[in-house]
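This report concerns only the one structure given below.
Letters A, B, ... are given to chains in the order of the sequence lines, protein chains preceding strands, and every chain is numbered from 1.
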Number of protein chains: 2
Amino acid sequence: MDPHLLTTFVTVARCGSFSAAAAELGYTQSAISQQIAALEADLGLPLLSRRPVEPTPAGRRLLEHAEPLLLRLRAARADVLRSAAAPRDRIALAVTPLGFTAALADRLARARAARPRLEVTVVTCGRERVAALVAEGEADLGLVDGLAAPSDPLRPPDAGPMTTAGVGEEDVVVALPAGHPLAGRAALRLADLADARWLRTPLCPLSRLRALVGDGFPVALEHRGDDVRTLIALVAAGHGLTLLPATVLGGAVAGAVGVPVSAPRLVHRVELLHGTLPPGPAADLARALTG
Amino acid sequence: MDPHLLTTFVTVARCGSFSAAAAELGYTQSAISQQIAALEADLGLPLLSRRPVEPTPAGRRLLEHAEPLLLRLRAARADVLRSAAAPRDRIALAVTPLGFTAALADRLARARAARPRLEVTVVTCGRERVAALVAEGEADLGLVDGLAAPSDPLRPPDAGPMTTAGVGEEDVVVALPAGHPLAGRAALRLADLADARWLRTPLCPLSRLRALVGDGFPVALEHRGDDVRTLIALVAAGHGLTLLPATVLGGAVAGAVGVPVSAPRLVHRVELLHGTLPPGPAADLARALTG
DNA sequence: TTGCATTACGAAAGTCGTAATCATG
DNA sequence: CATGATTACGACTTTCGTAATGCAA
């Protein structure tokens with residue numbers, strides 16, 4: 001179970017081909033074949049069926065372990081290296097699209113005012129990638145958002161030991177087309193909307209919604225991507241509903257209306273993610289964001 | 001960051017000596033020296049100070065990552081192997097001393113009655129070890145106990161992906177010497193006992209208690225080991241207080257008295273731990289224990 | 001001097017690439 | 001057949017053990 005072989009294995013599984021994986025990893029077909037053979041010999045199990053190249057049941061099981069394992073390995077390496085590195089005046093912030101709220105942007109601005117020389121990079125990406133970037137030390141701090149019961153933690157993806165701290169909670173609204181029969185209501189119960197058609201979007205994962213509220217929430221349309229304006233346009237055009245933070249869809253925006261959720265009590269929560277921070281700008285910024 | 005080198009590193013760090021680690025791992029002194037050198041070269045950092053052999057700050061950081069990482073690696077391997085193995089009529093159960101309650105023993109007995117050919121092994125050990133045994137597949141099921149707020153999960157140590165399920169909660173009592181001024185009370189508030197002297201014992205971790213109740217609970221005596229009778233004897237002799245499940249210290253036992261805790265609301269909770277179980281005796285037993 | 005880590009070096013094993021071979025759609 | 005995985009084999013690299021060397025109590 002050499003990580004080297006594991007990396008090759010996940011690449012082959014992803015590519016569905018030995019030769020494609022060889023090209024991607026800069027090896028020859030033959031080397032890949034030998035590595036997979038070595039891994040299979042080590043475990044005493046076939047991991048891939050050939051022609052077409054697909055993981056066997058055991059291979060699928062290994063895949064589930066391998067990715068997070070390799071991530072943790074990179075994270076450990078990065079953390080040790082970082083712990084010995086000199087603090088730098090460059091900060092990288094990884095944020096989910098709805099995680100970087102106006103309030104947090106303000107706090108960041110105030111913190112920067114006190115440290116004018118501080119270079120800041122902000123990267124927007126999905127929650128798993130945020131966690132991975134923070135774990136691997138590519139980002140010093142991460143901001144992930146999600147639905148939660150009030151003051152409940154978010155449970156970000158496990159990418160190794162990491163500190164989390166809530167940095168903001170705000171109300172949640174149902175995004176409805178302006179002409180929707182319920183658009184005029186003062187508040188809505190989510191249970192009453194479980195049979196409506198919903199948008200599947202990374203900005204509001206339906207799986208999370210079902211875990212918090214219950215079954216239902218059938219998918220009307222899938223939206224891939226980060227852009228909130230696209231999402232609101234889809235809602236406005238009646239393709240389906242979604243949930244958004246109240247500050248994002250305050251009143252009526254571009255043909256969509258946000259109606260507060262009265263039950264169950266839900267909040268849009270933002271959490272700060274970081275590894276063990278050495279004293280320096282990153283730690284200061286973490287304090288500033290925590291408020 | 002080869003796991004092989006990592007294993008060598010943690011062994012050397014634990015032994016505090018290259019030669020002792022060499023003996024333990026079945027290598028020569030020279031090989032160990034070369035492996036540590038390779039790891040240090042890979043990270044570009046000194047990890048051990050020599051004479052005496054002690055981890056450097058970077059080495060300490062690496063140690064924190066290495067142990068759980070290696071555990072997860074073994075766990076992944078075991079899980080893949082297990083997923084492909086035929087179900088066997090032998091079950092191993094890893095339990096913490098207070099995790100294997102009478103109620104659970106009964107459920108186990110009933111489950112065995114239905115499957116007379118089932119061989120069962122029960123291993124008692126600490127919570128980390130239970131988690132590790134389950135993760136590595138040495139045990140099919142684990143039972144860990146701990147203090148928690150009612151219906152709150154226990155958060156067992158992270159040893160890889162694992163399913164947890166509550167299998168029992170019962171009240172908690174403060175164990176007091178029979179002659180203690182408070183021994184006659186119907187109930188006690190823990191906050192009032194924060195200044196009393198407490199026993200440090202793995203059966204009731206004070207760190208957990210402090211996290212749930214607050215600071216205080218100074219240590220009067222440390223007890224290492226699993227034996228509840230020893231613990232009760234220590235309480236009876238006035239060496240300090242501890243918390244126990246109500247069924248363990250129901251009335252007065254051997255000079256100690258259990259007084260219910262009225263505030264905060266705490267329970268002694270037992271959780272079942274297991275990996276993904278293939279259909280078979282282990283899964284059946286898990287169902288039986290869950291009740 | 002003694003115990004223990006390091007270095008030098010040769011033997012053994014492992015890993016990769018080239019090229020031939022094999023299997024399957 | 002043709003595409004793509006496997007096998008054979010040689011070159012190179014890595015890793016270990018033996019033995020000599022270095023170093024601090």
Side-chain angles (χ1 to χ4, degrees), chain A residues 1-60 62-63 66 69-70 73-74 77 80 84, chain B residues 1-60 62-63 66 69-70 73-74 77 80 84:
Chain A
M1 295 253 318
D2 181 347
H4 183 208
L5 303 184
L6 245 34
T7 317
T8 302
F9 173 64
V10 302
T11 308
V12 171
R14 178 164 42 75
C15 296
S17 147
F18 282 49
S19 28
E24 183 171 325
L25 295 172
Y27 286 111
T28 58
Q29 233 185 44
S30 160
I32 302 298
S33 181
Q34 292 177 55
Q35 289 177 20
I36 297 297
L39 191 58
E40 290 182 321
D42 174 31
L43 290 170
L45 293 168
L47 297 171
L48 294 168
S49 68
R50 324 294 154 101
R51 228 179 290 269
V53 172
E54 269 183 344
T56 62
R60 273 194 295 277
L62 181 58
L63 274 178
L69 211 49
L70 292 170
L73 202 66
R74 289 193 300 272
R77 182 188 179 82
V80 172
Chain B
M1 295 254 317
D2 182 349
H4 183 207
L5 302 184
L6 243 35
T7 316
T8 302
F9 174 64
V10 303
T11 309
V12 171
R14 178 163 42 75
C15 296
S17 149
F18 282 50
S19 28
E24 183 172 325
L25 295 172
Y27 286 111
T28 58
Q29 239 185 39
S30 161
I32 302 297
S33 180
Q34 292 177 54
Q35 288 177 19
I36 297 298
L39 190 58
E40 290 182 326
D42 174 31
L43 290 170
L45 294 169
L47 298 171
L48 294 168
S49 69
R50 324 295 154 101
R51 226 179 297 265
V53 172
E54 267 182 344
T56 62
R60 273 195 294 278
L62 181 58
L63 274 178
L69 212 49
L70 292 170
L73 202 65
R74 290 193 301 271
R77 183 190 178 81
V80 173

Rounded to the Å, how far apart are [X] [atom1] and [N] [atom2]?
X       : N      : atom1 : atom2 : answer
B:Leu5  : D:dC16 : CG    : P     : 8 Å
B:Leu25 : D:dC16 : CG    : C1'   : 14 Å
A:His4  : C:dG14 : NE2   : P     : 16 Å
B:Asp2  : D:dT15 : CG    : P     : 8 Å
B:Glu40 : C:dA5  : CD    : C1'   : 12 Å
A:Leu47 : D:dA5  : CG    : P     : 16 Å

Among [options], find the nucleotide with the atom closest to the side chain of [X].
X       : options               : answer
A:Phe18 : D:dT6, C:dG17, C:dC4  : D:dT6
A:Tyr27 : C:dG17, C:dT7, D:dG4  : C:dG17
B:Gln34 : D:dG17, C:dG17, C:dT6 : D:dG17
B:Ser33 : D:dG4, C:dT7, C:dC4   : C:dT7

Test item: side-chain donor near acceptor, A:Ser19 and A:Ser17, under 3.5 Å
yes
Under a plain distance cut-off of 3.5 Å, with no hydrogens placed, do A:Thr8 and A:Gln35 share a side-chain donor-acceptor pair?
yes
Should the side chain of B:Ser30 and the base of C:dT7 be counted as holding a donor-acceptor pair, with the cut-off at 3.5 Å?
yes
Quick check: do [X] and [Y] have side-chain heavy atoms less than 4.5 Å from each other?
X       : Y       : value
B:Leu45 : A:Val80 : yes
B:Leu43 : B:Leu62 : yes
B:Leu47 : B:Leu39 : yes

Let me know, please, whether B:Ile36 or A:Gly26 comes out on the 5' side of the other along DNA chain C by nearest nucleotide.
B:Ile36
Regarding B:Thr28, tell me which of base, sugar-phosphate or nothing describes its non-hydrogen contacts under 4.0 Å with the strands shown.
base
Looking across every strand, which nucleic acid part, if any, lies under 4.0 Å from B:Gln35 by heavy atom: base, sugar-phosphate, or nothing?
sugar-phosphate
Please determine whether a side-chain nitrogen or oxygen atom of B:Gln29 lies at a distance below 4.0 Å from atom OP1 or OP2 of C:dA5.
yes
